[in-house]
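Below, all heavy atoms of this structure are taken into account, side chains as well, without hydrogens, waters or symmetry copies. Just so you know, these numbers come straight off a predicted model, no measurement behind them.
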Amino acid sequence: MRRTALLAAAAALALTGVVAPATAAAAKPPPGSESAVRSLADDPAQRAAAAADQAVASGLDDLRVSPNETYRRTAVTPGGGMYYVTYERSYKGLPMVGGDAVVVTDSNGRVRDTEAASGALPLGVPTSPTVSAETATDTAKTVLSRVDDTAAPRLVVLAWGHKPRLAWEAVVSGIADGKPSIRHVFVDATTGEIADSYDQVKAGTGNGYYYGTVTIDTSGSGTSYSMTDSTRSGIKCGGQNGSAYTGTDDSWGNGGGTNLETACVDALYSVQREWDMLRDWLGRNGINGSGGGFPARVGLADVNAYWNGSYTNFGHSQDNARQATPIDVVAHEFGHAIFQTTPGAAGSGNENGGINEGTGDIFGALTEAYANNPNDPPDYQVGEEVNLVGDGPIRYMYNPSLAGDPNCYSSSIPSTEVHAAAGPLNHWFYLLAEGSSPGGGKPSSPICSGGPSSVTGIGIQKAGKIYMGALQRKTSTWKYVNVRTASLAAAVELYGASSPECAATKAAWSAAGVPAQSNEASCSSSSGNDFSLSLNPTAGTVTPGQSVTSTVGTSTTSGSAQTVTLSASGLPSGATASFSPSSVTSGGSATLTIATSASTPSGTYTVTVTGSGSSGTHTASYTLTASGTSGGRTFTNGTDYTINDLTTITSPITSTATGTAVSPVKLSITISHTCAEDLRIRLQGPNGTWYTVKSSGGLSCTSFGTRTYSVPVTQTAAGTWTLEVRDQYTYDTGYLDSWSITV
């Protein structure tokens, strides 16, 4: 049997059929073994990973992918009592840029939320380039004014933009517009045009004075010391050669604005306060979330500071009197590192870049507040110690327009320069933390048109926790509307749907001009209770005259359980929807059945399922595709069926064709499963006779994808045809995506 040959490699197999483990250690022990049971019971991170892998394998919510796509788990990061399990995706073995996803679970292994950067790709994306790697590199070089270095390009599927495409990802380093640049350039591998690009260098500006006599953590003893933090992995500071400054004693700097050792005192003091703030206020382990950090360099010959993906670099003020190392500037640049090392990394486009810049400003404000240093009192100005060209702060979070940046979100944000595009995020954070009229000497903040009359703040620490929770849901395609929905989900997770914190999060977004979204969490204050609503699957294909089903799931998100009444709208003509049962107690589930008639027109429809409870209503969307006509002889069932190890599933199709079935009948079967050799497939005709379509067994594993079969039959065409799929072995699971029969 095939399994005999594969048992030695079992440790390298995935927990579930469409999820590859990050490392061999991530694979599951033999099912049912004592070590497997004990490890899952004792280790909440393993429970989180197992639950998340199962959610990915079953295509939960937005995680559904085509048979040609595979998720690979990359990390399990704890934070705020939750676990954030991240995935990257491949298409026919090629890395997919913009295919990342996050699954949020609690410590008991219950899935609480899912986020995916993009949906399933169409099956026709090419994988063979017509443009050479060398040509792509030459094209990528044109984005720089001076090229210092290039790396060999890699072939990827670029999921960003209006359509997925095969592309070369080339990395070129040098100078652009007089500034350092490490540019990722995506060159269409079939047309040779530049499809997209982003700069790994995230630049800002600023300078700071010495913070006086402060304690910093360094390393060494006797007569040999280094500005390397021995208690915070990866944190060190030195000059432009990347080496940490060393000395014969543990006393650093002379307090002078041009002294680079002094600049490193400022930088280390600042990043160490940021590290401690992340730990004490936000529950994050280090800058990168897994106990690590990054070096800082000073002495950059530029009126600038930046993060380049590997380290932070700090220059000087325009008058060359000060180095760019006050708390908020240092924390801003390391804030870019936090953005890069949360799920989704750094995305593409000015709107995403603006969110990245605003993230840096938020961590600058948080670190200033945590440090509470009298030489640099906490505020919501960015680089207020900087006198770059004699006009004060670089940005004002409470009123971005004071620096010429937009206070409010609008359709122009995607074309706005990234530092200016941070305006709405900075504005939202101040409103959430302090409110629109905080008093106590703090500045008032304007409210955008259409927003609430006022916003009451919840304090900067709570605001930081909510934003950190949002960042843990980030994907590479994040826009402002995604930040809104993610932060509301985090607010509900942290404080409950009926909490003032949830209400303030929602009000602050509306006050910053970011509109409400249909899928966002509800902040209920009427009864103190709330619930959520979901569908699985969220899409299906049907031949007119047939039916599809989906499971409606509910859960109690705050307070007590309540009765939820279900209804549906947006159905095409000739179609009806029914629920069994028609109402549930939150925490329960129901089956949605959409029945079409022969007169239902072909097309794709969005069916809105509404759950009405005492705390309000929630909705979820189901994409219904009606294809073909009932008068033809090809019939399809597009309902997903999960195929677990050692189980059998059946999927029926009702044929309305007349006469005798044409023998052989033609089958087209699409299954997402990494080991087709595990599967036995049979077909049952309307008269009850079974026919073997495919036997199981083999010495290797191949992905199933879409396969066609010809099956000789002696049957009438009309009636119910049933496809049976049995998984004969363990270790690999998947799902039946759809199948059709031509009779």
List in chain and number order the residues that pass side chain to side chain donor-acceptor pair (under 3.5 Å) with [X], two or more places apart in sequence or in another chain; answer none if no residue qualifies.
X	answer
S534	none
T477	T475
Y83	none
N352	none

Item checked: E520: partners by side chain to side chain contact (heavy atoms under 4.5 Å, CB included), with sequence neighbours left out -> R484, T485, L488, K506, A516, Q517
Kindly list each side-chain donor-acceptor pair under 3.5 angstrom involving residues 563-583, sequence neighbours excluded, with atom names and distances?
none

Checklist line | Listed once per pair and sorted, the salt bridge (charged side-chain N to carboxylate O under 4.0 Å, His left out) pairs that draw on residues 587-612, sequence neighbours left out | finding: none
Next item on the list: May I have all residue pairs that pass salt bridge (charged side-chain N to carboxylate O under 4.0 Å, His left out) and include part of residues 580-607, sequence neighbours excluded?
Entry: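 The answer is none; no pair qualifies.
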Margin query: Strictly by disulfide (SG to SG under 2.5 Å), give each pair with a member in residues 584-613 just once, sequence neighbours left out.
Written below: none
Note to self: Under the disulfide (SG to SG under 2.5 Å) definition, can you give me all pairs with a residue in residues 539-607, not counting sequence neighbours?
What the structure shows: none
Margin query: Holding to ring-ring contact (aromatic ring centres under 6.0 Å, His included), I want the full list of residues that pass it with F339, two or more places apart in sequence or in another chain.
Written below: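 With neighbours one apart ignored, the set is empty.
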Next item on the list: State which residues pass ring-ring contact (aromatic ring centres under 6.0 Å, His included) with Y91; sequence neighbours excluded, sorted by chain then number.
Entry: none
Next item on the list: Check the angle between the aromatic planes of W509 and W428 and answer parallel, tilted or perpendicular using the 30° and 60° thresholds.
Entry: parallel
Margin query: So, taking the atom named CG in L533 and the one named CG in N519, what distance separates them when rounded to the nearest 0.5 Å?
Written below: 12.0 Å
